Asks: 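Right, I'll just put the structure down here and ask away after.
As the structure is a prediction and not an experimental result, all values here were calculated from the model.
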Amino acid sequence: MHNPPHSESTDHQLAQQAEFRLRQGDLAGARETFWELARRNEDAGLWLRLAEIDHALGDGEQALRSLGRAGGIQPRPWQASARIAELFFELGRPERSLAILDREAARDRANPRLQLLLAQAREDAGQREGAIDAYRHALACQPGWPAAMGGLLRVARDEISEAWLDQAQRMLAASQLDADERAVLGYSLGRALERRGDFDGAFHAWRRANELRRRQSGGLDHDAARLHADRQIQRYSPDLLARPPALGASDRIPLFIVGMPRSGTTLLERMIGAHPDAIGYGELPTMGQIARQLERHAPTWPAGAGAIDDVYSPALLQGMADFYYKELDLRSSSRARFSIDKAPLNFFQAGLISLLLNHSRIIVCERDPRDVCLSIYSENFAPDQAFATDLDDLVFFHHQYRRLISHWQQTLPNRVRCVRYEDLVDAPAETLEPLLEWIGMPWDDACLDFHDRGGEVATPSRWQVRQPIYRSSMGRWRNFEPHIDPLLNAFGSEDAPTLDD
C-alpha cells in the first residue's frame with residue numbers, strides 16, 4: 001500500500017483529534033481519524049486501536065481485518081501482541097489467539113505475563129498438560145505470583161503438592177500482594193482444599209477471595225436489580241409479546257440456554273451441540289449488546305406501547321436481528337440449522353429474543369438453588385458480576401431470576417422450556433429426548449458422547465464438560481452447611497427445596 005507523504009505535525013494533530021473524539025464518545029469519528037493515521041503509518045498499535053473501536057461499534061468483520069493488519073506488522077511490543085490475541089478470542093477466533101500467544105511466549109520465555117496468558121489460553125482449549133507447564137514456567141519467571149499459582153491449582157487438580165498448598169496459603173494471607181490476584185488464588189485454593197475434604201478450609205479461602213473481590217464490585221445494588229427485573233416484566237407484557245414485529249425470517253433456529261450461572265448451561269450446550277444439526281457458540285455477548293443499543297435508542301418507553309414497533313422502528317429491529325446472525329457467521333462458517341447461545345444471563349432478554357428472532361427457543365436450566373449459589377460463590381466471576389461475592393446477594397439475585405422465569409413461562413409458554421440439571425444428570429437420554437423433540441431435532445446418540453468433543457470452553461465448567469456425566473456436584477451444599485445459613489434460610493435444608501416465590 002502506498003502511504004501518503006509523512007508529516008509528524010500532521011500525525012500529531014490527527015492523534016489528538018482521534019483521542020478527543022474517543023473522549024467525547026464519538027466512536028465513528030474516532031475510527032475515521034485512526035484510519036487516516038493508520039494509512040500514513042505502518043504501526044501495529046494504530047491498527048489495534050482501530051480493531052478495538054470496530055469491536056465497540058459492533059463491526060466484528062472489520063475488527064478482524066484490522067487485527068489481521070496489526071498482527072502482520074513486526075516488530076511490535078508484547079503488550080500489543082497480547083491485546084491482539086485477546087481480541088481474537090473475544091471475536092470468536094480462539095485458535096488465532098492461541099497461535100499468537102504460543103509464538104510470542106516462545107520468543108520471550110522470560111516474560112511471566114506472556115507465559116500466564118499462554119497458560120490461560122491452553123486451559124480454555126482443554127490442553128491441561130500444556131497449561132500446567134506454562135503456569136509453572138510463569139511461576140519460575142515470577143516466584144510468589146498469586147495469579148500464576150491460582151491457575152496452577154485450578155488445572156493441576158489431583159496433582160497438587162502439599163508445598164503448593166502451603167505456598168498458596170501464605171500468598172492469600174500476604175496483604176502486600178495484589179488484592180485481585182489474591183482473590184483469583186483464593187477461589188482455586190478453595191477448590192483444591194474441597195477436593196481433599198477440608199470443607200472448612202475451602203470455605204474460608206472462598207470467603208477471603210470474595211472479600212477481596214467485593215472491594216472491586218461493591219456488592220449487588222438490590223434496588224437496581226429489582227428495578228431491572230420490574231422493567232422487563234412491565235415492558236414485555238402478555239399483550240406486547242402477542243404482537244411480534246413483521247421481520248424477515250431466517251432458515252436457522254437460534255437456541256438460547258439461560259439460567260443462573262453454574263446451573264448446567266454448559267453441560268446442556270455441549271450435549272445439544274454434539275448433535276450433527278447443531279453448533280454451540282458458547283457464551284455470546286451479542287444479545288446483551290443488542291439490548292444496550294436498543295436502550296440507547298429508547299431509554300424510556302412511550303406510555304401505552306402495545307407492540308415493540310411502537311417503541312423501535314421496524315428497520316432498527318430488522319437491523320438488530322441481522323446483526324445477531326452476522327455475529328454467528330463471523331464466529332463459524334457452519335450453516336447448522338440450530339445455533340446455540342448459552343450466555344446464562346440472557347434470561348433477562350427472553351422477551352426481546354422472542355420478538356427479534358422469530359423461530360428462537362429458550363431453554364431454562366434449573367438446579368438446586370443451594371448448589372447454584374454455593375457454586376457461584378466458590379468461582380472466580382468477573383468483578384462486574386456483583387451478585388457473586390455474597391450469599392445474601394445471591395439469594396436476592398436468585399429471587400429476581402425466579403420472578404423473571406415465572407413471567408416468561410406465563411407469557412411465552414410455547415417458546416420457553418425448563419430442564420432440571422439433576423434430571424439431566426440422573427437420566428440424560430430420558431430428559432434430553434423430549435427436549436430435542438420440542439426443539440424439532442431428531443434424536444442422535446452423539447448427544448450422550450458430548451465429552452469426546454474438542455473445542456474451546458471458556459467457562460468455569462471447562463474441565464467438567466470434558467468428562468462423562470457425574471453426580472458428585474449434586475447436593476454439594478451439604479458439605480458446607482455450617483457456613484451457608486443465608487441459603488438454608490432462603491431455600492430450606494431438606495432434599496427438595498422450594499423454588500417458587
Asks: Looking only at atom types and distance, does a side-chain atom of Q232 sit under 3.5 Å from a main-chain N or O of L404, one as donor and one as acceptor?
Replies: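 A pair under 3.5 Å: no.
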
Asks: Could you state the interatomic distance from CD (Q62) to CD1 (I53), rounded to the nearest 0.5 Å?
Replies: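 Here the interatomic distance stands at 11.5 Å.
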
Asks: Compare all side-chain heavy atoms of V416 with those of R361 and state whether any distance is below 4.5 angstrom.
Replies: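 Of all side-chain heavy-atom pairs linking R361 with V416, none is under 4.5 Å.
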
Asks: Please find the pair of heavy atoms, one from L412 and one from A350, that lie closest to each other, and give the distance.
Replies: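 Closest pair (atom of L412, atom of A350, distance): CD1-O, 3.9 Å.
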
Asks: Where is the tightest heavy-atom contact between L116 and A148, given as atom of each residue plus distance?
Replies: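 For L116 versus A148, the nearest heavy atoms are CD1-CA, 3.9 Å.
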
Asks: Kindly indicate, with the supporting measurements, whether the criterion salt bridge (Lys or Arg N to Asp or Glu O under 4.0 Å) is fulfilled by E36 and R31.
Replies: CA-CA 9 Å; E36 179 62 25; R31 175 162 67 173; over 6 Å; no

Asks: Check whether any side-chain heavy atom of C418 sits under 4.5 Å from a side-chain heavy atom of Q409, and report yes or no.
Replies: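 Heavy-atom side-chain distance check passes, below 4.5 Å.
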
Asks: Could you list the donor-acceptor pairs under 3.5 angstrom formed by side chains in residues 246-259, with sequence neighbours left out?
Replies:
residue : atom : partner : partner atom : Å
S250    : OG   : R252    : N            : 3.0
R252    : NH1  : D329    : OD1          : 3.1
R252    : NH2  : D329    : OD1          : 3.2

Asks: Salt bridge between D54 and R49, side-chain N to carboxylate O under 4.0 Å?
Replies: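 No, no charged N to carboxylate O under 4.0 Å.
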
Asks: State, with a plain yes or no, whether a side-chain heavy atom of F491 is found less than 4.5 Å away from one of V395.
Replies: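 Result yes, sub-4.5 Å side-chain heavy-atom pair found.
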
Asks: Quick one: do F323 and L356 satisfy side-chain contact (heavy atoms from CB on, under 4.5 Å)? Show the steps, please.
Replies: CA-CA 11 Å; F323 172 66; L356 208 58; over 6 Å; no

Asks: Determine, for R243 against D309, whether the closest basic-nitrogen to carboxylate-oxygen distance falls under 4.0 angstrom.
Replies: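 Between D309 and R243 there is no salt bridge, as every charged N stays at least 4.0 Å from the carboxylate O atoms.
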
Asks: So does G306 get a backbone contact from the side chain of D310, meaning a donor-acceptor N/O pair under 3.5 Å?
Replies: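 Here the side-chain-to-backbone pair exists.
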
Asks: Could you check if a side-chain atom of L436 sits within less than 4.5 angstrom of a side-chain atom of C447, using non-hydrogen atoms only?
Replies: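 The answer is yes, as the side chains (C-beta and beyond) meet within the 4.5 Å cut-off.
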
Asks: Under 3.5 Å, is there a donor-acceptor pair linking the side chains of Y421 and D371?
Replies: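 No, D371 and Y421 have no side-chain donor paired with an acceptor closer than 3.5 Å.
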
Asks: Does N346 reach the main-chain N or O of Q349 with its side chain, forming a donor-acceptor pair under 3.5 Å?
Replies: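 Absent.
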
Asks: Hey, what do you get for CG (L64) to CG (L87), rounding to the nearest 0.5 Å?
Replies: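 If I round to the nearest 0.5 Å, the distance is 9.5 Å.
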
Asks: Check L37 against D11 and note the closest heavy-atom contact, atom names and distance.
Replies: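 For L37 versus D11, the nearest heavy atoms are CD2-O, 3.6 Å.
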
Asks: Please check if the side chain of T33 supplies one atom and the backbone of G29 the other of a donor-acceptor pair under 3.5 Å.
Replies: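 Looks like yes, one N/O pair under 3.5 Å.
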
Asks: How close do L91 and G60 get, counting heavy atoms only, and between which atoms?
Replies: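 Result for this residue pair: CD2-CA, 4.0 Å.
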
Asks: Determine, step by step, whether R21 and Q24 satisfy the side-chain hydrogen bond (donor to acceptor under 3.5 Å, both in side chains) criterion, reporting the C-alpha distance in whole Å, the side-chain angles of both residues, the deciding distance to 0.1 Å, and the verdict.
Replies: CA-CA 5 Å; R21 287 178 168 178; Q24 296 298 309; over 6 Å; no

Asks: Is the number of heavy atoms from other residues, nucleotides or ligands within 6.0 Å of CD (E19) greater than 12?
Replies: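 Buried by this count: over 12 neighbours within 6.0 Å.
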
Asks: Does L267 reach the side chain of L424, with side-chain heavy atoms less than 4.5 Å apart?
Replies: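 With C-beta onward as the side chain, the pair touches.
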
Asks: Treating R415 as the side-chain partner and S360 as the backbone partner, does any N or O pair qualify as donor plus acceptor under 3.5 Å?
Replies: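 Pair found, side chain donor or acceptor close to backbone of S360.
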
Asks: About how many Å separate CZ of R69 and CG of L46, when rounded to the nearest 0.5 Å?
Replies: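 L46 atom CG to R69 atom CZ measures 11.0 Å (nearest 0.5 Å).
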
Asks: Are H398 and Y401 an aromatic pair, judged by ring center distance below 6.0 Å?
Replies: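 They qualify: ring centres under 6.0 Å apart.
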
Asks: On the 0 to 90° scale, with breaks at 30° and 60°, tag the W47-W35 ring pair as parallel, tilted or perpendicular.
Replies: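 If you compare the ring of W47 with that of W35, the planes turn out perpendicular.
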
Asks: Quick check: do R226 and H399 have side-chain heavy atoms less than 4.5 Å from each other?
Replies: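 No - every pair of side-chain heavy atoms lies 4.5 Å or more apart.
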
Asks: In plain terms, say whether E366 and R420 are close enough for a salt bridge, that is, a side-chain N and a carboxylate O under 4.0 Å apart.
Replies: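 No, E366 and R420 are not salt-bridged.
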
Asks: Do side-chain atoms of D277 reach the backbone of R337 as a donor and acceptor pair under 3.5 angstrom?
Replies: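 It does not hold such a pair.
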
Asks: Any side-chain donor-acceptor pair under 3.5 Å between R154 and N380?
Replies: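 There is no such pair between these side chains.
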
Asks: Donor-acceptor pair, W301 side chain versus V311 backbone, under 3.5 Å?
Replies: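 Not at all, since once roles are kept as given, no pair shorter than 3.5 Å links the two residues.
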
Asks: Compare every heavy atom of A388 with every heavy atom of F381, then report the nearest pair and how far apart it is.
Replies: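 Result for this residue pair: CB-CB, 4.1 Å.
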
Asks: Could you state the interatomic distance from CZ (R208) to CG (L185), rounded to the nearest 0.5 Å?
Replies: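 Interatomic distance, R208 CZ to L185 CG, rounded to 0.5 Å: 11.5 Å.
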
Asks: Test salt bridge (Lys or Arg N to Asp or Glu O under 4.0 Å) on R207 and D390 and set out the steps.
Replies: CA-CA 9 Å; R207 181 185 289 120; D390 178 82; over 6 Å; no

Asks: Distance alone, cut at 3.5 Å: any donor-acceptor contact between the side chains of R296 and Q293?
Replies: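 Checked: R296/Q293 side chains show no N/O donor-acceptor pair below 3.5 Å.
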
Asks: Decide if atom CZ of R96 counts as having more than 12 heavy atoms of other residues, nucleotides or ligands within a radius under 6.0 Å.
Replies: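 No, because the 6.0 Å sphere around CZ of R96 holds 12 heavy atoms or fewer from other groups.
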
Asks: Taking 4.0 angstrom as the limit, do R215 and E211 come out as a salt bridge?
Replies: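 Judged by the 4.0 Å cut-off on N to carboxylate O distance, R215 and E211 do not form a salt bridge.
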
Asks: Side-chain contact, heavy-atom cut-off 4.5 Å: I279 with I340?
Replies: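 No - every pair of side-chain heavy atoms lies 4.5 Å or more apart.
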
Asks: Charged N to carboxylate O below 4.0 Å: is that the case for E104 and R76?
Replies: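 Yes, this pair counts.
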
Asks: Could R213 and E181 be called an ion pair, given the rule that one side-chain N must be under 4.0 Å from one carboxylate O?
Replies: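 Salt bridge absent between R213 and E181.
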
Asks: Before you tell me yes or no, could you show the steps for N210 and Y187 under side-chain hydrogen bond (donor to acceptor under 3.5 Å, both in side chains), namely the whole-Å CA-CA distance, both residues' side-chain angles and the distance that decides it to 0.1 Å?
Replies: CA-CA 8 Å; N210 281 303; Y187 295 115; 2.9 Å; yes

Asks: Decide yes or no for T389 and L394: does some side-chain heavy atom of the first lie under 4.5 Å from some side-chain heavy atom of the second?
Replies: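 With C-beta onward as the side chain, the pair stays apart.
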
Asks: Would the distance check show the side chain of H407 and the main-chain N or O of Y236 forming a donor-acceptor pair, the cut-off being under 3.5 Å?
Replies: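 Yes, because the side chain of H407 sits within donor-acceptor range (under 3.5 Å) of the backbone of Y236.
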
Asks: Of all heavy-atom pairs between L345 and P261, which one has the smallest distance, and what is that distance?
Replies: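 Where L345 meets P261 most closely, the heavy atoms are CD2-CD, 4.0 Å.
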
Asks: H228: which residues meet the ring pair (Phe, Tyr, Trp, His ring centres under 6.0 Å) condition with it, sequence neighbours left out?
Replies: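 With neighbours one apart ignored, the set is F348.
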
Asks: Would you tell me whether Q318 and D322 have side-chain atoms, one donor and one acceptor, within less than 3.5 Å of each other?
Replies: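 Indeed, the side chains of Q318 and D322 share at least one donor-acceptor pair under 3.5 Å.
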
Asks: In sequence, state the C-alpha distance, the side-chain angles, and the governing distance for V419 and V364, and then conclude on side-chain contact (heavy atoms from CB on, under 4.5 Å).
Replies: CA-CA 6 Å; V419 174; V364 181; over 6 Å; no

Asks: Take T411 and L240, measure what side-chain contact (heavy atoms from CB on, under 4.5 Å) needs, and give me the verdict at the end.
Replies: CA-CA 10 Å; T411 56; L240 185 137; over 6 Å; no

Asks: Measuring from atom CD1 of I84 to atom CD of Q79, what distance do you get when rounded to the nearest 0.5 angstrom?
Replies: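 Those atoms lie 11.5 Å apart.
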
Asks: Can you tell me how far CZ of F89 sits from CG of L101, rounded to the nearest 0.5 angstrom?
Replies: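 Here the rounded value is 10.5 Å.
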
Asks: Please determine, by modelled atom types, if R262 and S375 share a side-chain donor-acceptor pair under 3.5 angstrom.
Replies: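 Checked: R262/S375 side chains pair up, N/O donor to acceptor below 3.5 Å.
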
Asks: Hey, mind stepping through D43 and I73 against side-chain contact (heavy atoms from CB on, under 4.5 Å) and telling me if it holds?
Replies: CA-CA 7 Å; D43 182 279; I73 297 172; 5.8 Å; no

Asks: Using a distance-only test with no angle check, is there a side-chain donor-acceptor pair under 3.5 angstrom linking R403 and Q400?
Replies: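 Yes - a donor-acceptor pair under 3.5 Å links their side chains.
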
Asks: Under 3.5 Å, is there a donor-acceptor pair between the side chain of D341 and the main chain of A343?
Replies: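 Pair found, side chain donor or acceptor close to backbone of A343.
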
Asks: Between N111 and R113 (side chain of the first, backbone of the second, donor and acceptor by atom type, cut-off under 3.5 Å), is there such a pair?
Replies: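 At least one qualifying donor-acceptor pair exists.
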
